[in-house]
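Being a predicted model, the structure only gives us computed values, none of them experimental.
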Amino acid sequence: MRFVLVLLLVSLQSACAYSQRGSDEWWYNRMQRDHRSQCNQLPEQVKAQCLERQSSSYQDFLKQQKSVQQATAPASELKNQ
């Protein structure tokens, strides 16, 4: 009984820790993982820079996208927000 309870709690915790398959965050993380894999195949001189560019989280990406949208939005659209 205790084993089943522990197994259930572990599976619930792991389900909450990862983004849902097919979500925007899941795709972003998959893309980052693929890019890191490609970076690891590069020569050492450029590998570190490449990996550094791939270190941002999905939340950082969303913040960056929001700031870019606000910077490029017309003044009338910013006034309505």
TODO: Starting at CZ of Phe61, measure out to CG of Asp24 and round the result to the nearest 0.5 Å.
DONE: 9.0 Å
- [ ] Mark yes when over 12 heavy atoms from residues, nucleotides or ligands other than Gln65 sit less than 6.0 Å from its CD; otherwise mark no.
- [x] yes
Open item on the list: Tell me whether Leu62 shares a hydrophobic cluster with Met31, the cluster being built from Ile, Leu, Val, Met, Phe, Trp, Tyr side chains joined at under 4.5 Å.
Closed with: yes
Task: Under 3.5 Å: donor-acceptor pair, side chain of Asp60, backbone of Ser56 - done: no
Open item on the list: Filter on side chain to side chain donor-acceptor pair (under 3.5 Å), then keep only pairs touching residues 34-45, sequence neighbours left out; what's left?
Closed with: His35-Gln54
Open item on the list: Can you list everything that forms a ring pair (Phe, Tyr, Trp, His ring centres under 6.0 Å) with Tyr58? Sequence neighbours excluded, please.
Closed with: Tyr28
